[in-house]
Amino acid sequence: MPRRLLPVSPAGLSTYLDCPRRYRMAYLDRPQPPKGPPWAHNSFGASAHQALASWWKEPADRRTAARAAELLDAGWLVDGYRDDAQREGARHRAREMVARYAGGLDPLREPVGVERTVAVKTANAALYGRVDRIDDRGDDLVVVDYKTGRRPPTADDARSSVALAVYAAGAARTLHRQCHRVELHHLPSGAVVAWEHSDDGLARHLRRIDSLAAEIASLNDRFKAGVGSAEADLMYPPSPGPMCAWCDFNRSCPAAAVPPAQPWAGIDADS
């Protein structure tokens with residue numbers, strides 16, 4: 001019997017690459033270990049993403065910068081913030097950010113997809129993901145991914161991103177159009193960085209992803225067949241380091257290298 005394809009998103013692949021132990025806790029352990037409290041920076045980013053997604057659902061004559069700000073206010077998520085003052089300061093920054101970005105968009109240029117789920121298969125994986133926006137720029141589709149963190153991305157980030165490669169291949173497969181260009185739109189700075197994948201470049205990405213998926217699937221099959229806790233720990237080793245502070249499972253992981261960050265710390269850093 002052929003092996004069942006591993007259904008996996010770019011987030012799952014990145015989690016495994018960052019820390020196999022975290023991958024096990026997130027996707028395999030049942031009951032799942034307790035997570036820490038919600039992160040304010042996740043609330044911030046999700047609010048901005050949702051406001052822009054909703055903006056494209058408005059009639060074209062209502063797609064204004066002011067409407068983007070109103071949508072941000074209407075969908076503002078409040079989890080994780082230290083107090084009212086921090087939450088309101090973050091909301092005002094996010095409001096200005098999405099209004100400025102929306103003000104630079106052409107409201108009449110309809111995207112091919114907004115928050116569109118795409119999928120593509122390899123020999124070992126059924127890859128899927130949800131794209132912030134897919135534009136039609138003529139002969140090719142273009143993947144647009146919004147970023148709200150403090151560090152502006154680089155072209156190398158766009159070139160090497162597993163997620164963007166999956167999105168480009170998935171958009172081409174799902175929408176039956178060519179898709180080579182991927183863009184990271186950094187909302188706080190307004191910077192846009194792009195990478196134009198070649199067919200060979202995308203194929204190399206997919207081969208690496210397929211090899212990784214085969215490794216994960218083999219481990220998962222062994223785990224689900226039943227192994228002792230010691231063997232499971234060897235199969236999914238931790239990757240302790242400074243990023244442990246930002247792991248949802250920090251409080252549940254004996255291998256965590258540092259204490260958990262405060263839920264609102266990412267917002268303070270962004271300030």
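In this chain, numbering begins with 1 at the start of the sequence shown.
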Check for me, please, whether [X] and [Y] land in the same ILVMFWY cluster - side-chain distances under 4.5 Å, paths through other members count.
X      : Y      : value
Trp246 : Met25  : no
Leu219 : Leu6   : yes
Val98  : Val78  : yes
Val131 : Val114 : no
Met97  : Leu71  : yes

Under 3.5 Å, is there a donor-acceptor pair between the side chain of [X] and the main chain of [Y]?
X      : Y      : result
Ser160 : Asp156 : yes
Asp135 : Arg137 : no
Arg63  : Trp56  : yes
Asn250 : Cys244 : yes
Asp136 : Leu141 : no

Can you tell me if [X] and [Y] form a side-chain donor-acceptor pair at under 3.5 Å?
X      : Y      : result
Glu88  : Tyr81  : no
Gln50  : Ser54  : yes
Thr154 : Asp157 : yes
Tyr23  : Asn220 : yes
Asp145 : His185 : no

A side-chain contact here means heavy atoms from C-beta on lying under 4.5 Å apart; do [X] and [Y] qualify?
X      : Y      : answer
Thr148 : His49  : yes
Leu13  : Ile216 : yes
Leu28  : Lys224 : yes
Pro260 : Arg251 : yes
Trp76  : Ser43  : no
Thr15  : Tyr27  : yes
Leu127 : Lys121 : no
Ser47  : Leu72  : yes

Hey, what do you get for [atom1] ([X]) to [atom2] ([Y]), rounding to the nearest 0.5 Å?
X      : Y      : atom1 : atom2 : answer
Glu183 : Asp132 : CD    : CG    : 12.5 Å
Asp79  : Arg87  : CG    : CZ    : 9.5 Å
Tyr236 : Cys19  : OH    : SG    : 12.5 Å
Met243 : Asp18  : CE    : CG    : 7.5 Å
Thr122 : His205 : OG1   : NE2   : 14.0 Å

(message) I'd like to know whether Val162 forms a side-chain contact (heavy atoms from CB on, under 4.5 Å) with Ile209, so could you lay out the CA-CA distance, the side-chain angles of the two residues, the decisive distance to 0.1 Å, and finally the verdict.
(response) CA-CA 8 Å; Val162 168; Ile209 291 169; 3.8 Å; yes

(request) Show your working on side-chain contact (heavy atoms from CB on, under 4.5 Å) between Arg116 and Thr174 and close with a plain yes or no. (result) CA-CA 10 Å; Arg116 176 65 188 262; Thr174 303; 3.6 Å; yes

(message) With a sphere of 6.0 Å drawn around CG of Asp139, does it hold more than 12 non-hydrogen atoms of other residues, nucleotides or ligands?
(response)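 At most 12 heavy atoms, drawn from other residues, nucleotides or ligands, come within 6.0 Å of this atom.
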
(message) Is it the case that over 12 heavy atoms from other parts of the model lie below 6.0 angstrom from the CZ atom of Arg100?
(response) yes

Exercise answer: donor-acceptor pairs, residues 187-198 side-chain atoms, under 3.5 Å, sequence neighbours excluded:
| from | atom 1 | to | atom 2 | distance (Å) |
| --- | --- | --- | --- | --- |
| Ser189 | OG | His186 | ND1 | 2.6 |
| Ser189 | OG | Ala191 | N | 3.2 |
| Ser198 | OG | Gly201 | N | 2.9 |

[X] and [Y]: which non-hydrogen atoms are nearest, and at how many Å?
X      : Y      : answer
Ala102 : Thr64  : CB-O, 4.5 Å
Ala68  : Ala51  : O-CB, 4.2 Å
Cys179 : Ala168 : CB-O, 3.6 Å
Pro34  : Ser252 : O-OG, 2.8 Å
Arg177 : Gly138 : NH2-O, 3.1 Å
Ala232 : Val227 : CB-CG2, 3.9 Å

(message) With ring pair (Phe, Tyr, Trp, His ring centres under 6.0 Å) as the criterion, how do Trp264 and Trp39 come out once you've worked through the C-alpha distance, each side chain's angles and the decisive distance to 0.1 Å?
(response) CA-CA 6 Å; Trp264 54 83; Trp39 299 99; 9.9 Å; no

(request) Given ring pair (Phe, Tyr, Trp, His ring centres under 6.0 Å), test Tyr101 with Tyr146 step by step and report yes or no. (result) CA-CA 11 Å; Tyr101 180 77; Tyr146 304 135; 5.6 Å; yes

(message) Among residues at least two apart in sequence or on other chains, which ones pass salt bridge (Lys or Arg N to Asp or Glu O under 4.0 Å) with Asp233?
(response)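 By the salt bridge (Lys or Arg N to Asp or Glu O under 4.0 Å) rule, Asp233 matches Arg21, Arg24.
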
(request) Take Tyr167 and Arg130 through the side-chain contact (heavy atoms from CB on, under 4.5 Å) test and state the conclusion after the steps. (result) CA-CA 8 Å; Tyr167 296 159; Arg130 190 165 63 176; 6.0 Å; no

(request) With Ile267 as reference, evaluate Gln262, Arg82, Arg93 under the side-chain contact (heavy atoms from CB on, under 4.5 Å) test and give the passing residue. (result)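 Passing option: Arg93.
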
(message) Under the criterion salt bridge (Lys or Arg N to Asp or Glu O under 4.0 Å), I'd like the reasoning laid out for Arg222 against Glu231: C-alpha separation, chi angles, the key distance, then a yes or no.
(response) CA-CA 10 Å; Arg222 285 177 55 197; Glu231 185 177 355; 2.8 Å; yes

(request) Using the test side-chain contact (heavy atoms from CB on, under 4.5 Å), find all partners of Lys35 that sit at least two apart in sequence or belong to another chain. (result)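 Here the qualifying residues are Gln32, Asp248, Phe249.
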
(request) Show the numbers, then the answer: is there a side-chain contact (heavy atoms from CB on, under 4.5 Å) between Leu184 and Val144? (result) CA-CA 6 Å; Leu184 295 172; Val144 174; over 6 Å; no

(request) Could you please spell out the steps behind the salt bridge (Lys or Arg N to Asp or Glu O under 4.0 Å) verdict for Asp73 and Arg91? (result) CA-CA 8 Å; Asp73 286 340; Arg91 184 177 66 82; 2.6 Å; yes

